[in-house]
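To keep things clear, I will list the structure first and then write my remarks on it.
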Protein chains: 2
Amino acid sequence: MDGSKAGDAALSEFLCFATYSANQAFHQFYAPLLARVGLTYPQYLVMTLLWSQDTRTVGEIGRILNLQSNTMTPLLKRMEGAGLIERRRDTADERIVRISLTAQGRALRDRLTGLPGAVAAASGMTAEERGELIGALDRLRRNMTEAARTGSAQGGGQDAGSISGT
Amino acid sequence: MDGSKAGDAALSEFLCFATYSANQAFHQFYAPLLARVGLTYPQYLVMTLLWSQDTRTVGEIGRILNLQSNTMTPLLKRMEGAGLIERRRDTADERIVRISLTAQGRALRDRLTGLPGAVAAASGMTAEERGELIGALDRLRRNMTEAARTGSAQGGGQDAGSISGT
DNA sequence: CACAGTTTAATCGCGCACGATATACTCGCA
DNA sequence: TGCGAGTATATCGTGCGCGATTAAACTGTG
């Protein structure tokens, strides 16, 4: 498409970098607004899940957010410490920890009703454009996850260092 | 567009979440491949910049990656420790630290020539589709950054807690 | 020359995010 | 009944990423 050789490609032509930067920009937009109610961005995602359906297991939340227990556990403990959620071991199956909102956690919802709208406005895109972009990103995520899982670019074996050739 | 009320929106309809998840998927694809040559993803971005143009200041690199010195300094120190780059104070203006590749850092390039191609293949998208997506994400990033800068959703003042209304 | 203001990096503390590993529990099956 | 396999969560260490602050060096103006 362009005459760039492998290695001298400009970062601006990397899809991964565009995604990385857009994500940072979102974070920088959200962070100060969420900080006013004492939330971080991943915590807000958890709250959004619980607002739509209360009482879920750690694993359920983790699967939706693509996060494992080593990220979820401390995150949820901080949220418990902030009084937003409760963590209770299931009595029937003690491996499972159920997460549910406190009254304070439910109340927080009313203080953030305008946020999705503000973000939508800040994006400078129409609902249709946003929908298309979400679709493209979802497709990309599925493809990348599948490729990571099957190890498409695993390369040889004993050399274990080079990723040359396509 | 759909009848969802603010607050019960499914996460799958959040553009921020689609971006966040796609970024995670990229990271999960890159991380094991880069680990084989001892790089992390942000370090790979720095290397890519230096491969296309050697010897840049900390600030220059940070501006391109949208990272500040509090992220750059330790990252670059780790890369220096790994023998990939050198950090040298400018003799004329001692505030400035210039970053340049070592021979080892330059050599690493040849072990990653296939990576952009592998990522492109893993994306499951044509070059044209990727180009369009990069364009949309760049536009989004610019808009979000601008909105964050001007504080579009700053809300009132003394209450300092609610973000209600659009 | 002095001194305020600006620029450039560095430092500190906190919260993700993940690889590797550990622990506790449940289930199936001999 | 007891044991191995599988499941759900937790722990530990490392590396970003950022807000707040600090420190050092430069610049411009009187």
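When rounded to the nearest whole Å, the span between CZ of B:Arg63 and C1' of C:dT7 equals 10 Å. In this structure, B:Arg56 places its CZ atom 18 Å from C1' of C:dA9, rounding to the nearest Å. For B:Asp93 and D:dG28, the CG to C1' distance is 15 Å, given to the nearest whole Å. Atom C1' of nucleotide C:dG15 and atom CE of A:Met72 are separated by 14 Å, given to the nearest angstrom. The distance from atom CD1 of A:Ile99 to atom C1' of D:dA10 is 13 Å, rounded to the nearest whole Å. In this structure, A:Phe26 places its CZ atom 17 Å from P of D:dG17, rounding to the nearest Å. C:dC16 atom C1' lies 18 Å from atom OH of A:Tyr44, rounded to whole Å. One atom, CD of B:Gln43, and another, C1' of C:dC18, lie 15 Å apart when rounded to the nearest Å.
Counting any heavy atom pair closer than 4.0 Å across all strands shown, A:Asp90 reaches no nucleic acid atom. Counting any heavy atom pair closer than 4.0 Å across all strands shown, A:Asn66 reaches sugar-phosphate atoms only and no base atom. If you check every strand for non-hydrogen atoms under 4.0 Å, B:Arg89 touches sugar and phosphate atoms only. Residue contacts for A:Arg87: at a heavy-atom cut-off of 4.0 Å it reaches the sugar-phosphate backbone alone, with no base atom in range.
Note on B:Lys77: every side-chain N or O is 4.0 Å or more away from OP1 and OP2 of D:dC16. Contact annotation: B:Thr40 reaches the phosphate of D:dC16 (side-chain N/O to OP1 or OP2, under 4.0 Å).
Between A:Arg63 and A:Glu60 there is no salt bridge, since no side-chain N of the basic residue sits under 4.0 Å from a carboxylate O of the acidic one.
Between A:Val97 and A:Asp90 there is no side-chain heavy-atom pair separated by less than 4.5 Å.
Listed by chain and residue number, A:Leu39, A:Thr40, A:Leu75, A:Arg78, A:Met79 satisfy the side-chain contact (heavy atoms from CB on, under 4.5 Å) test with A:Gln43 (two or more places apart in sequence, or in another chain).
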Intermediate values then yes/no, ring pair (Phe, Tyr, Trp, His ring centres under 6.0 Å), A:Phe26 and B:Tyr20: CA-CA 9 Å; A:Phe26 264 122; B:Tyr20 169 82; over 10 Å; no
Protein-to-nucleotide contact annotation, 5' to 3' order, nucleotides 19-24 of chain C [B base; S sugar-phosphate only; - none; under 4.0 Å, heavy atom]: BB----
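Looking at which nucleotide of DNA chain D each of A:Thr71 and A:Tyr20 is closest to, the 5′-most match is held by A:Thr71. Annotation: of the two residues near DNA chain D, A:Gln24 and A:Thr73, the 5′-most nearest-nucleotide partner is A:Thr73.
For the atom pair CG of B:Leu112 and CH2 of B:Trp51, the computed distance is 5.0 Å after rounding to the nearest 0.5 Å. Rounded to the nearest 0.5 angstrom, B:Leu67 CG and A:Gln24 CD are separated by 5.0 Å.
Comparing D:dA10, D:dG17, C:dT8 by their closest approach to the side chain of B:Ile96 singles out C:dT8. Checking D:dC16, C:dC18, C:dG15 against the side-chain heavy atoms of A:Leu67 singles out C:dC18 as nearest.
Heavy-atom minimum distance, A:Leu101 versus A:Arg106: O-NH1, 3.4 Å.
In this structure, the side chain of A:Arg139 engages the main chain of B:Gly124 through a donor-acceptor pair within 3.5 Å.
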